[in-house]
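The structure appears right after this line, and notes come after that.
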Amino acid sequence: TSQVNAQKFGYISLDYILNQLPEAKQVETELKTTQTQYENLLQAKVKDFQTKLADYEKNAATMNEVIRADREKELQGLQSQIEEFRQSSATSLQKKQAQLLQPLLKKIEDNMHAVAKENAYLWVFNYDAGQGTSPIVLHAPDDANISDLVLKKMGVTPKPATPAAPAPAATTPAPKK
């Protein structure tokens with residue numbers, strides 16, 4: 001048991017670290033810009049559909065059968081396009097988020113390993129499992145939280161107003177599913 005007592009365990013809060021990185025704010029801005037572009041295009045598609053639907057409903061009674069069938073087919077096609085765009089834009093946003101965060105996560109991981117090695121931590125856990133989830137580490141002493149050490153290693157001074165305990169994840173928007 002003396003060997004177990006000699007082992008040092010630590011943890012980081014990935015969300016807390018990300019919330020303090022300037023690069024993460026750039027990622028968030030870029031994602032919001034892309035999301036706004038998708039939303040604007042979606043709104044234009046929906047407006048086009050609504051305009052054509054209103055025209056169809058207004059004139060359906062006076063249309064001959066061939067024109068009415070053609071308009072119905074067009075409206076169904078527009079509905080399909082809108083749904084496909086919703087799905088593909090959500091997928092695209094998730095991929096972009098992963099792509100933009102990957103270098104930051106690698107940087108955090110590399111610095112976490114360096115801090116763990118320098119301070120003789122044999123095990124380092126991630127406190128949080130991601131935005132909106134329950135913590136993985138349910139109890140640990142405050143001095144086992146090495147998040148601030150990792151930030152310092154990365155050249156970021158932890159903000160004094162923010163506690164060393166994990167902050168709620170709010171930097172990366174959750175893509176709509």
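In this structure, CG on Asn111 lies 10.0 Å from NZ on Lys106, to the nearest 0.5 angstrom. Residue Lys8 holds its NZ atom at 8.0 Å from CG of Asp143, rounded to the nearest 0.5 Å. Annotation: the span from Ser92 atom OG to Lys95 atom NZ amounts to 7.5 Å, rounded to 0.5 Å. Rounded to the nearest 0.5 Å, atoms CD (Gln102) and CD (Gln97) are 13.0 Å apart. With values rounded to the nearest 0.5 angstrom, Thr157 atom OG1 is found 9.5 Å from Gln20 atom CD. Leu101 CG to Glu28 CD: the interatomic distance, rounded to the nearest 0.5 Å, is 10.5 Å.
The side chain to side chain contact (heavy atoms under 4.5 Å, CB included) check on Asn64 picks up Val66, Ile67, with sequence neighbours excluded. Among residues two or more places apart in sequence or in another chain, the side chain to side chain contact (heavy atoms under 4.5 Å, CB included) test is passed with Lys96 by Glu30, Leu31, Thr34, Leu100. Every side chain to side chain contact (heavy atoms under 4.5 Å, CB included) that Glu118 has, sequence neighbours left out, goes to Ala114, Lys153. Partners of Asn119 according to the side chain to side chain donor-acceptor pair (under 3.5 Å) rule, which considers only residues two or more places apart in sequence or in another chain, do not exist here. With sequence neighbours excluded, no residue satisfies side chain to side chain contact (heavy atoms under 4.5 Å, CB included) with Asp142.
The aromatic rings of Trp123 and Phe9 lie parallel to each other, with less than 30° between the two planes, well short of the 60° mark.
In this structure, Asp148 does not pair ionically with Lys152, as no charged nitrogen and carboxylate oxygen lie closer than 4.0 Å.
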Compile the donor-acceptor pairs under 3.5 Å between side chains in residues 46-56 and protein atoms, sequence neighbours left out, one pair per line.
unit_1 : atom_1 : unit_2 : atom_2 : d
Thr51  : OG1    : Lys47  : O      : 2.9
Lys52  : NZ     : Glu74  : OE2    : 3.0
Asp55  : OD1    : Asn59  : ND2    : 2.8
Tyr56  : OH     : Glu72  : OE2    : 2.3

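A pairwise comparison of heavy atoms in Tyr16 and Leu151 identifies CE2-CD1, 3.8 Å as the closest pair. Here the shortest heavy-atom pairing between Val124 and Tyr11 reads CG1-CA, 4.1 Å. In this structure, Ala144 and Tyr121 approach most closely via the heavy-atom pair CA-OH, 4.5 Å. Here the closest non-hydrogen pair linking Ser147 and Ile12 is OG-CA, 3.3 Å. Across all non-hydrogen atoms, the minimal contact from Asp128 to Leu14 is OD1-N, 3.2 Å. Pairing each heavy atom of Met63 with each of Arg68, the nearest pair is O-NH1, 3.1 Å.
Using modelled atom types, one side-chain atom of Ser88 and one backbone atom of Glu84 make a donor-acceptor pair closer than 3.5 Å. Distance alone, capped at 3.5 Å, is enough to place a donor-acceptor pair between the Lys25 side chain and the Asn19 backbone. Judged by distance alone, with hydrogens and angles left aside, the side-chain atoms of Gln7 form no donor-acceptor pair with the main-chain N or O of Leu122 at under 3.5 Å.
No side-chain N or O of Asp15 forms a donor-acceptor pair with one of Tyr127 less than 3.5 Å apart.
A 6.0 Å sphere centred on CD of Glu65 holds no more than 12 heavy atoms belonging to other residues, nucleotides or ligands.
Between Met154 and Ile108, the closest side-chain pair of non-hydrogen atoms falls below 4.5 Å. At a threshold of 4.5 Å between non-hydrogen side-chain atoms, the residues Ile17 and Val156 do not count as touching.
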